[in-house]
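What follows is a set of notes on a single structure, which appears directly below.
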Amino acid sequence: MADSPSNNSWSSDRGAYIEPRASSKEWLQQNVLPTRTKTVTYVKSLFPIFTWIYRYNWTWFVGDLVAGVTVGVVVIPQGMAYAKLAQLSPEFGLYSSFIGCAMYFMFATSKDITIGPVAVMSTLMGHILQDVMPHLPQYADQPWVVAGCLSVVLGCIVTALGLLRLGFIVDFIPLPAIAAFMTGSALNIAMGQIPTLMGNNTAKGYNTRAPTYLVFGNFFKYIKHCDINAAIGLTALFLLYAIRAACKYGARRWPKYEKAFFFATTLRTAFVILLYTLISYLANRNHHDHPRFSILGTVPRGFKHMAVPTVNSNILSEVAGKIPSAIIVLVIEHISISKSFGRVNNYTINPNQELIAIGVTNIFGPFFGAYPATGSFSRTAIKSKAGVRTPLAGLITAAIVVIAIYALPPVFYYISNALLAAVIIHAVGDLITTPKTIRSFWRISPFEFIIFWAGVIVSVFSSIDNGIYTTVAASGALLLFRIAKARGKLVGTVRVYSSHHQQHLASDSKKIQTVAVEAGAGAGAVVSTGTDADRVPNLGGQRRVFMTLDGAAEGANPTVRPEAPPAGIYIYRLNEGYLYPNAVHFTDHMVGEIKAHTRPGVLNPYGSLGNRPWNDPGPRHKSESDIDASLPLLRAIVLDFTGVSNVDITSIQNLVDVRKQLDRYADAEVPWHFAGVKSPWIRRALVAGGFGSSGSSTRTVFSVANIGGSDDRDVRDAGAAGDAGDPHWRRSVTKLADADGREPSIESLLVPMLSSSHPFFHFDLDEALEAAELELGLK
């Protein structure tokens, strides 16, 4: 929403600025109706490739080639392993890897991200198929049809979110919820793969798709069924971690070979798979029918499952309940990864465009036999460290995958299933939140620390879906609670003086106490808690700052005690947006504070005892002795709207009701001043509620700016007393410069900051307080 209407004007002959009323038509033009320029920009933004492809060069190509080949070598074994998690044949992981890499570069705003099969989405896909396939017996031998249908639906929804520019929705899922989801998923996946790693996954009655705690408990129940697969899986897992640890040590020990160690640790998965595949070939080449240990088996050559996806009501009715969790996984994993690497590598991603990228990928993926895919953390990290220069590296990775699909199926035949389980466990181990990060959650926000553990526990004892719903719902509830229970503060003033070095005030200045000096070469500040500011020696310009009366709550020096406004004037600061969830909470607190510091304007405002409300506390018959005469009457209210970005009907009506309530309490019409109302739409709403002016009020204080191009030092004060209609108000302001003994510039042109038509709207708290004091005759 724009801060000011586009057709602002001011009358130079009268020296007054009149702000035109913000119109609904203008709001629609600024926020809803597209202009030609916005439409062209929107269409161009759908294909970011055209902003950089014409600058492509050989240096970029070399970086993309190295990164693309490196990721290609990693994605082949990972893709096949993750397809097993999705309850699909290994080739479907290769199809998903190919289409994700081949299509992303056209829509990408991140050079690092790699789209393809990932452990969490694959596991969720496996759980979905396990749940819905008994209800779809016609697809019992073709589970990829159901996976493809779900991929198309997810792709359409996510693409629509991107096209409608709704990517901001992802920001409502906080880091602890994402961390809990990743940690719970990693534990679920790793525990589900341990039986395959150890060879007892085929034991009768052992359900490795059960909740994590049951899989863990049953592992020991069926541990006697472990076989030679354990030797393959455990040694492969040990070798993967050993190579990584050795390369990390080598990189620290010999920094000049850091790049070589990086590629060694990146290619460790490919090396271990080739090594154990060779062992498997030597052990099983003469035992095709009865291999010595579990192997992958036949992987078809080429794209054998290319077809138009099947989308029908039967499948949709069964998977509909799974769509929300699947969308959350697709979106938060991809967006969080892309944002993270964008920050690391100093570029900004467009969340809306990234949604379009993964949406289009999942729409067209099933035509090639792919299942739902999203951004991969491990492969993105590898791609980034390998020196990728542009998103075009994805095409090179896609070419490597195509070569593998057509040339390597005979090799895939001998890959051990225990080896793939080791690869999966090793990959998802990095998704578990570290103890250091968990400790930081506790230090920063204990409530979110609890939400994190709630998500992890639900994922372990129930399912990944329920873990996602738990963290998202709990985070949303915490957000709403914080908004609804936001509380404002009464504000006072502190006079602060500029100080460029540590200073000691004169010992004979009894009314002045130096309470804070920032030492060092930089500029500091000296705060006066007294009233005789003129007696402070050797200090620069002074200014009045506003802080809550409980200054320690803002982290200020506890010896600084803000001075309350003049008796009967109360400044109330709203610390959050003022909307219907928190409107009543704000005003109830404000009214309570005001009544606690004032006395009513009339002893018995109800007249007879019968008209008195039943819940009005106090004695049956009130007398003068029942009222603290030392308390002031309520005379003016100043609301600090600096932190308020939006209001609504409920909040404005609440202000109207509170104004009537306090008018009855004070037995007078209490003026309401508003400071820092920057949006014309908020001003329009307040004016509609009857705020901003009264029948006889005129603006007595102006905040003015010099737009004449002369030395701004001529204007010593931002405020000047005068009537909005006085044609000589500029001269009044200029005389402020005369007090300094210098001739004012004849080129000075001083104009008001705010409209003269609403004298109770002020630029800042300083102006608002001064206006309230002048109106009440206190200045």
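Throughout, numbering of the chain's residues begins at 1 and tracks the sequence.
- Both cation-pi conditions hold for K678 and F763: the charged atom is under 6.0 angstrom from the six-membered ring centre and inside a 45 degree cone around its axis.
- Contact check for F181 versus V120: side-chain heavy atoms found under the 4.5 Å cut-off.
- Note: Y572 and F586 have perpendicular aromatic rings, judged against thresholds of 30 and 60 degrees for the angle between ring planes.
- Using a distance-only test at 3.5 Å, with no hydrogens or angles considered, a donor-acceptor pair links the side chain of D663 to the main chain of V670.
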- Output, in order, the C-alpha distance, side-chain angles, deciding distance and verdict of side chain to side chain contact (heavy atoms under 4.5 Å, CB included) for S384 and F341. CA-CA 8 Å; S384 177; F341 281 90; 3.9 Å; yes
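- With hydrogens and angles ignored, the 3.5 Å screen pairs no side-chain donor or acceptor of R573 with any backbone N or O of T642.
- For the salt bridge (Lys or Arg N to Asp or Glu O under 4.0 Å) condition, the pairs that include at least one residue of residues 325-344, sequence neighbours left out, are D171-K339.
- Between T41 and K44, every side-chain heavy-atom pair lies at or beyond the 4.5 Å cut-off.
- Closest approach of V644 and E576 over heavy atoms only: CG2-O, 3.8 Å.
- Listed for the N352 side chain is a donor-acceptor partner under 3.5 Å among the backbone atoms of G167.
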- Task: List the steps, then state whether side-chain hydrogen bond (donor to acceptor under 3.5 Å, both in side chains) holds for T109 with Y347.
- Result: CA-CA 9 Å; T109 61; Y347 64 86; over 6 Å; no
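- Other residues, nucleotides and ligands contribute only 12 or fewer heavy atoms inside 6.0 Å of the CZ atom of F377.
- Shortest non-hydrogen contact noted between P566 and L769 is CD-CD1, 4.2 Å.
- Interatomic distance, CG of D667 versus CG of L662, reported as 13.0 Å (0.5 Å rounding).
- Counting only distance, with no hydrogens or angles, the side chain of N188 and the backbone of T212 share no donor-acceptor pair below 3.5 Å.
- Nearest heavy atoms, R683 versus V677: NH1-O, 2.5 Å.
- Within 6.0 Å of CD1 in I169 there are more than 12 heavy atoms belonging to other residues, nucleotides or ligands.
- Between the side chain of R543 and the backbone N or O of V496 there is no donor-acceptor pair closer than 3.5 Å.
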- What do the steps show when you test I323 against V153 for side chain to side chain contact (heavy atoms under 4.5 Å, CB included), and what is the final call? CA-CA 8 Å; I323 290 176; V153 173; 3.7 Å; yes
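- The salt bridge (charged side-chain N to carboxylate O under 4.0 Å, His left out) test applied to D112 returns no partner, not counting sequence neighbours.
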- Message: side-chain hydrogen bond (donor to acceptor under 3.5 Å, both in side chains), that's the test. Do T598 and Y665 meet it? Break it down for me.
- Response: CA-CA 10 Å; T598 60; Y665 172 77; 3.0 Å; yes
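- The nearest pair of heavy atoms linking S325 to K322 is OG-O, 3.1 Å.
- S440 and T437 are not linked by any side-chain donor-acceptor pair at a separation below 3.5 angstrom, with hydrogens and angles left out of the test.
- At least one side-chain heavy atom of Q661 sits under 4.5 Å from a side-chain heavy atom of K595.
- Classified by interplanar angle (parallel below 30°, tilted 30° to 60°, perpendicular above 60°), the ring pair H673/F760 is tilted.
- By the 6.0 Å contact criterion, OH on Y580 is open, its count of non-hydrogen atoms from other residues, nucleotides or ligands being 12 or less.
- A donor-acceptor pair shorter than 3.5 Å can be found between the side chains of S651 and D648.
- From N345, atom CG reaches atom OG of S110 across 8.0 Å, with rounding to the nearest 0.5 Å.
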- Between L175 and F441, does a side chain to side chain contact (heavy atoms under 4.5 Å, CB included) hold up when you go through it step by step? CA-CA 10 Å; L175 177 59; F441 288 169; 4.2 Å; yes
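- Closest heavy-atom contact between P174 and E448: CB-OE2, 4.0 Å.
- Shortest non-hydrogen contact noted between R635 and A567 is CD-O, 3.9 Å.
- For the residue pair S645 / Y578, no side-chain donor-acceptor distance below 3.5 Å is found, with atom types taken as modelled.
- With respect to Q653, the side-chain contact (heavy atoms from CB on, under 4.5 Å) criterion is satisfied by exactly one of T650, D657, L655: D657.
- T471 has its side chain out of reach of I178: every pair of non-hydrogen atoms, C-beta onward, lies at least 4.5 Å apart.
- Under the 4.5 Å side-chain criterion, counting only non-hydrogen atoms from C-beta, R544 is not in contact with V494.
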- Query: Can you check side chain to side chain contact (heavy atoms under 4.5 Å, CB included) on F172 and L479, steps first, answer last?
  - Reply: CA-CA 9 Å; F172 285 93; L479 175 64; 4.0 Å; yes
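- For the pair S338 (side chain) and I335 (backbone), a donor-acceptor distance under 3.5 Å is present.
- In this structure, E593 contributes its side chain and K489 its backbone to no donor-acceptor pair below 3.5 Å.
- With contacts defined as side-chain heavy-atom distances shorter than 4.5 Å, the pair L150/I128 qualifies.
- Checked by atom type and distance alone, the side chain of D588 never pairs as donor or acceptor with a backbone atom of H585 at under 3.5 Å.
- Around NZ of K660, the count of heavy atoms belonging to other residues, nucleotides or ligands within 6.0 Å does not exceed 12.
- Within the 4.5 Å cutoff, the side chain of F546 has no heavy atoms near those of the D764 side chain.
- The backbone N or O of V472 sits nowhere less than 3.5 Å from a side-chain atom of S475 that would complete a donor-acceptor pair.
- If you look at F674 and F691, their ring centroids are closer than 6.0 Å.
- Of the inter-residue distances, the one linking S45 atom OG with K38 atom NZ reads 13.5 Å to the nearest 0.5 angstrom.
- Between atom CG of residue L355 and atom CD1 of residue I157 there is a gap of 12.5 Å, rounded to the nearest 0.5 Å.
- Relative ring orientation between F761 and H758 is described as tilted, the plane-to-plane angle lying within the 30° to 60° band.
- A distance-only check finds no donor-acceptor pair linking the side chain of T470 to the backbone of G455 [under 3.5 Å].
- Dense packing is recorded around OH of Y42, with more than 12 heavy atoms of other residues, nucleotides or ligands lying under 6.0 Å away.
- Between S462 and the choices V458, D465, I464, V460, the side-chain contact (heavy atoms from CB on, under 4.5 Å) rule is met once, by V458.
- The distance from the CD1 atom of I115 to the OH atom of Y104 is 6.0 Å, given to the nearest 0.5 Å.
- T493 contributes atom OG1, which lies 10.5 Å from atom CG of L765 (distance to the nearest 0.5 angstrom).
- Residues I438 and F452 are in side-chain contact: their nearest non-hydrogen atoms beyond the backbone lie under 4.5 Å apart.
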